[in-house]
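Bear in mind that the values here come from a model prediction, so they are computed numbers and not experimental data.
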Amino acid sequence: RIISTKEGETSESGGYWNSFVLPDDIAPGIYCISYKRLDNTHKNDNLSATEYHNRYENEIYFTVAYFQRLKYQSAITLPKSTIISGDQLSGTVKATYLSGGGLSNAHYEGSWFKQAYRFTSSDPTFKNFTFGPHEAYSSRSQVDTFSGSLSVTGEANISCKTGTEGLEAVAYRYIAQCEITDTSNQLISTSKDIVVHPASVYIGLSKPIGITGFAKKNTDVSFKYIL
């Protein structure tokens with residue numbers, strides 16, 4: 001069933017904008033917005049059907065669903081203690097009805113992610129010190145996955161081994177992300193993060209003492225450091 005068809009011309013930069021209204025009686029499901037180039041200037045490109053589709057056509061999918069008020073809530077609890085790289089990181093997923101009581105036997109699944117984190121101290125005494133590598137970047141990456149069913153009380157234990165791979169001497173932010181589905185197929189997600197430190201102590205290095213701008217050749221440069 002085609003809901004709406006729109007035609008137009010792209011701008012000088014190749015962009016195009018339009019909109020359409022979904023019918024009030026549209027059934028829930030997955031729908032597709034399909035784009036297709038209509039002019040004939042590319043007919044002699046001698047492309048295969050797949051190459052033609054990839055170059056001159058495109059689709060994007062979206063879901064239409066009935067609105068349903070949220071019936072329960074979920075949360076992840078992680079340790080408040082200091083976690084050092086190489087430690088086992090353990091936490092708890094819990095889901096409860098808004099009216100009270102645990103969401104028993106509900107299905108859950110999720111992932112652990114990590115991303116390099118620049119550690120800083122909230123202590124004003126250390127505001128002029130840098131801890132760890134000044135520039136350390138790594139994109140967010142998946143570390144592990146987990147799934148199962150919540151207990152009778154609506155809880156489940158999750159865990160992850162830290163420090164498996166990555167940059168040395170760099171703190172990492174570990175993120176636990178979990179999706180929970182109840183018996184009516186309502187799905188909600190929750191996440192929680194914690195900083196995993198590369199060691200039990202940091203070396204803090206100050207800015208050069210008595211220098212503004214660039215250091216001069218054949219001049220001693222002094223720093224303060226703390227542990």
Side-chain angles (χ1 to χ4, degrees), residues 70 72-96 102-103 106-151 153-181 186-215 221-227:
L70 193 63
Y72 62 99
Q73 60 188 351
S74 61
I76 295 176
T77 302
L78 296 177
K80 294 182 179 180
S81 57
T82 301
I83 304 296
I84 307 300
S85 181
D87 291 347
Q88 187 76 13
L89 176 58
S90 300
T92 304
V93 177
K94 186 174 183 179
T96 56
L103 188 67
H107 175 74
Y108 71 90
E109 59 182 48
S111 299
W112 289 95
F113 300 90
K114 73 173 184 178
Q115 188 170 15
Y117 175 83
R118 185 178 178 185
F119 172 77
T120 57
S121 174
S122 58
D123 191 328
T125 308
F126 307 140
K127 67 178 182 178
N128 294 322
F129 289 85
T130 298
F131 299 86
H134 183 69
E135 293 184 0
Y137 173 78
S138 70
S139 59
R140 175 168 163 164
S141 60
Q142 187 181 59
V143 179
D144 201 359
T145 60
F146 54 86
S147 62
S149 297
L150 300 180
S151 66
T153 58
E155 298 177 273
N157 295 321
I158 57 175
S159 63
C160 172
K161 179 67 174 178
T162 66
T164 52
E165 293 181 356
L167 303 172
E168 294 184 359
V170 173
Y172 274 87
R173 188 169 65 98
Y174 276 69
I175 307 106
Q177 185 172 308
C178 184
E179 295 180 341
I180 301 172
T181 307
Q186 187 178 65
L187 182 150
I188 63 171
S189 63
T190 183
S191 64
K192 185 75 172 180
D193 65 272
I194 186 172
V195 176
V196 175
H197 303 277
S200 57
V201 295
Y202 282 90
I203 297 177
L205 195 66
S206 73
K207 296 179 179 179
I209 299 173
I211 293 179
T212 57
F214 294 100
V221 179
S222 300
F223 301 85
K224 291 182 179 180
Y225 71 91
I226 55 173
L227 284 176

Interatomic spacing from [atom1] in [X] to [atom2] in [Y] - rounded to 0.5 Å:
{"X": "I188", "Y": "L103", "atom1": "CD1", "atom2": "CG", "value": "8.0 Å"}
{"X": "C178", "Y": "K192", "atom1": "SG", "atom2": "NZ", "value": "14.5 Å"}
{"X": "S81", "Y": "L78", "atom1": "OG", "atom2": "CG", "value": "10.0 Å"}
{"X": "S141", "Y": "Q115", "atom1": "OG", "atom2": "CD", "value": "8.5 Å"}
{"X": "W112", "Y": "T162", "atom1": "CH2", "atom2": "OG1", "value": "10.0 Å"}
{"X": "S90", "Y": "K161", "atom1": "OG", "atom2": "NZ", "value": "10.5 Å"}

Quiz item: N157 versus F146: any side-chain heavy-atom pair under 4.5 Å?
Solution: no
Please report the shortest heavy-atom distance between [X] and [Y], naming the atom on each side.
{"X": "S147", "Y": "E109", "result": "CB-CB, 3.8 Å"}
{"X": "L89", "Y": "P79", "result": "CD1-CD, 3.8 Å"}
{"X": "S111", "Y": "T145", "result": "OG-CG2, 3.7 Å"}
{"X": "S191", "Y": "I76", "result": "CA-CD1, 4.0 Å"}
{"X": "A95", "Y": "L150", "result": "CB-CD1, 3.8 Å"}
{"X": "R173", "Y": "I175", "result": "O-CD1, 3.6 Å"}

Quiz item: More than 12 heavy atoms of other residues, nucleotides or ligands under 6.0 Å from CZ of F223: is that the case?
Solution: yes
Quiz prompt | Ring-face cation of R140 near F113 (centre distance under 6.0 Å, axis angle within 45°) | solution = yes
Quiz prompt | Any donor-acceptor pair under 3.5 Å from Y72 side chain to Q186 backbone | solution =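 Yes; judged by distance alone, with no hydrogens or angles, the pair exists.
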Exercise. Could you tell me whether the side chain of T92 and the main chain of T77 form a donor-acceptor pair under 3.5 Å?
Key: no
Per-pair distances, 0.1 Å, donor-acceptor, side chain in residues 193-210, under 3.5 Å, sequence neighbours excluded:
residue : atom : partner : partner atom : Å
H197    : ND1  : Y202    : OH           : 2.8
S206    : OG   : K224    : N            : 2.8
S206    : OG   : K224    : O            : 3.3

Quiz item: Taking the inter-plane angle between the rings of Y174 and Y172 on a 0 to 90° scale, is it parallel (under 30°), tilted (30 to 60°) or perpendicular (over 60°)?
Solution: perpendicular
